[in-house]
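Only a predicted model underlies this, so the values are computations on that prediction, with no experimental measurement involved.
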Amino acid sequence: MNKYKRLLGNSAIFAVGSIGIKVVQLILVPMYTYCLTTSQFGKVDFINNLVSILAPIVYVGITQSVFRFALDEEIDKQKVFSTGIIFFAGVSMIIAILGIFLERLSIDYIWYISLLLIFTTLNEMTLDYIRAIGYIREYAIAGIVYASSMGVANVILLTCLHLKIQGYLNAILIGQLVSMGYVFIVTPAIRHIHIHKFRYKLLKDMCIYSLPLIPNIFSWWINSASDRFFILLMLGSSSAGVYAIINKFPTVIVSVMEVFSRSWQMSAVEEYGSKDDKVFISNVFEYMISILFVCSVMLLSVIKPAVKILLSPAYYKGWMLVPYMLLAINYSSVANFLGSLYTASKKTKEVFYSTFLGAIINVVFTIILIKVIGIYGAIVANIMSFLVIDIYRYIQMYNLNKIKINYIKLLMLNGLFIVASLSTLLIKNYIERFAICIVCIIFQVLFDNDLFRSLKNIYTVTKRRIKRD
């Protein structure tokens, strides 16, 4: 049971940081909706998503290599980090020069995009490194430091100085700088950087590992974020802004899954190939989907009044998107879980095929469905693409004898979610909607033994961890 306790213990620590981040972000949402128009928020969301796709491509996925190679016991961790940082510095110099040149061509926000590429990658690489070498608590606190400093900067820049888009982007940069400063002060990360420990052969091995991930990352971005670009291009920046701000509510579920995913990546590497890895992987999967679906139904029960209270009227109409967004997030979480098994085995080429197939489906159906059902078409295409990825990856892992799932339970959870979603969308009376969602949750608690066991284990391990710390 030690491996289960270790997974839950790490998750508990990550949860502290993630919950803190999401609390700050949710507090900021009303301010965004009143300080930025739907069109302005659509533009800043476009910039954020552009950086998220460009960063791993420009830096050839080096941050993921640093994390994965730093987990190997037989490799000198300082050589891994030093090699990664020196490679990062070289690429960053090129980006800075290009940014200065392109800014003279009067390309909107190009200098911000360049700075965000540099600081986002450095922040991510440093955080992944300290996570890999065991500074999990500091990793979690760094997230809170980032969110808090960004939040304070947003309040000053948006509400006091009224800087709009520039204020929002400057706040992100300030948050990243403060977060990196904290990490370099409280961890030995900066002391692990030595120019003489750069190894060309190690860099080559790291690039061989990460290069196949680049088309996978791009394909994954198409599956998870390209919908915003299609909405922006086909429906306008106002629709993109509504979509982006409403998406912050179901991302509460994403934060829960990120907490789990960060610790699961470490456990997957440690346990993959062990004698009972199939049992461990299958059990963890069952626990994950139990928590995933019950959290989704809980959010559905309060989403409409929450959106009405927190957002300005210009954004309110988007609340009906949430049930569809949640289903897409649930399926993407399953795909991420199965994808970690490829990463654990360093079989990064195989993971690409499923992601690429999903990307093709996503693009084709997004273009078709947006023309038919508008903004909903982008989300439906997401659901379809992630479902295909889930099936493809599960079949592969099942054939490798790495996982087995309970199909009846999976159908039951999807059925309960559909019932809760339909009640949210079709029933006007809030008490009746809330009651149906609660009945769905009670039904799951009664018939899903994995949910009860996982909640009990989370409570026990978290309680022990808190007492120990």
Are more than 12 heavy atoms from other residues, nucleotides or ligands located less than 6.0 Å from atom OH of Y182? yes

Once side chain to side chain contact (heavy atoms under 4.5 Å, CB included) is applied, do any residues pair with T424, and if so which ones, sequence neighbours excluded? L300, I303, W319, C437

Can L327 and I418 be said to form a side chain to side chain contact (heavy atoms under 4.5 Å, CB included), step by step? CA-CA 9 Å; L327 192 59; I418 290 172; 5.8 Å; no

Ignoring hydrogens and angles, write down the donor-acceptor pairs under 3.5 Å from the side chains of residues 110-119, residues two or more places apart or on other chains.
| residue | atom | partner | partner atom | Å |
| --- | --- | --- | --- | --- |
| Y112 | OH | N170 | OD1 | 3.4 |
| Y112 | OH | N170 | ND2 | 3.0 |
| S114 | OG | I110 | O | 3.0 |

Inter-residue atom distance I165.CD1 - L157.CG, 0.5 Å rounding: 14.0 Å

At what distance, to the nearest 0.5 angstrom, does CG of L321 lie from CG of L326? 11.0 Å

Would you sort out whether I361 and F386 count as a side chain to side chain contact (heavy atoms under 4.5 Å, CB included), showing the intermediate values? CA-CA 9 Å; I361 292 171; F386 284 124; over 6 Å; no

Within-4.5 Å side-chain heavy-atom neighbours: C295 and I291: yes

For G318 and V242, which heavy atoms make the closest approach, and how far apart are they? CA-CG1, 4.0 Å

Which one of S301, S423, P305 satisfies the side chain to side chain contact (heavy atoms under 4.5 Å, CB included) criterion with F434? S301

Gap between atom CG of N362 and atom CD1 of I367 - 0.5 Å precision: 9.5 Å

Check: Y32 and Y168 side chains under 4.5 Å, non-hydrogen atoms: yes

Are Y243 and M325 close enough that some pair of their side-chain heavy atoms sits under 4.5 Å apart? yes

Tell me, which pairs form a side chain to side chain donor-acceptor pair (under 3.5 Å) where one or both residues lie in residues 367-376, sequence neighbours left out? none

Between L127 and R131, is any pair of side-chain heavy atoms under 4.5 Å apart? no

Determine whether a donor-acceptor pair (N or O, by modelled atom type, separation under 3.5 Å) exists between the side chain of S385 and the backbone of A359. no

Side chains of S290 and K409, heavy atoms from C-beta outward: is any pair under 4.5 Å? yes

Measure the CD1-CG distance between I427 and L422 for me, rounded to the nearest 0.5 Å. 9.0 Å

Could you go step by step and tell me if Y392 and L338 meet the side chain to side chain contact (heavy atoms under 4.5 Å, CB included) rule? CA-CA 10 Å; Y392 184 103; L338 297 172; over 6 Å; no

L232 side, atom CG; K43 side, atom NZ - distance, nearest 0.5 Å: 9.5 Å

If you look at every heavy atom in T121 and A55, which pair is closest and at what distance? OG1-CB, 3.7 Å

The side chain to side chain contact (heavy atoms under 4.5 Å, CB included) partners of D390 (sequence neighbours excluded) come to Y331, V334, A335

For C35, is there any backbone N or O sitting under 3.5 Å from a side-chain donor or acceptor partner on K164? yes

Can you tell if the side chain of M31 reaches within under 4.5 Å of the side chain of N154, non-hydrogen atoms only? yes

How far apart are the closest heavy atoms of S296 and N330, and which atoms are they? OG-OD1, 3.1 Å

Any residue meeting side chain to side chain contact (heavy atoms under 4.5 Å, CB included) with S179, in chain and number order, not counting sequence neighbours: N123, A142, Y146

Here the ring-ring contact (aromatic ring centres under 6.0 Å, His included) pairs for residues 403-426, sequence neighbours left out, are none

Residues L299 and P250: closest non-hydrogen pair is CD2-CA, 3.7 Å

Does the separation of the ring centres of Y398 and Y394 fall below 6.0 angstrom? yes

Can L235 and F230 be said to form a side chain to side chain contact (heavy atoms under 4.5 Å, CB included), step by step? CA-CA 8 Å; L235 301 177; F230 283 111; over 6 Å; no

Minimal non-hydrogen separation, L71 against A132, with atom names: CD2-O, 3.8 Å

Within a 6.0 Å radius of atom CE on M298, are there more than 12 heavy atoms belonging to other residues, nucleotides or ligands? no

Distance col, row S238:OG vs Q40:CD, nearest 0.5 angstrom, shows 11.0 Å

Kindly indicate whether the side chain of R393, heavy atoms from C-beta on, has any atom under 4.5 Å from the side chain of T355. yes

Between the side chain of E286 and the main-chain N/O of N406, is any donor-acceptor distance below 3.5 Å? yes

Indicate yes or no: at least one non-hydrogen side-chain atom of M125 is less than 4.5 angstrom from one of F67. no

Take atom CG in L426; do more than 12 heavy atoms of anything else shown fall under 6.0 Å from it? yes

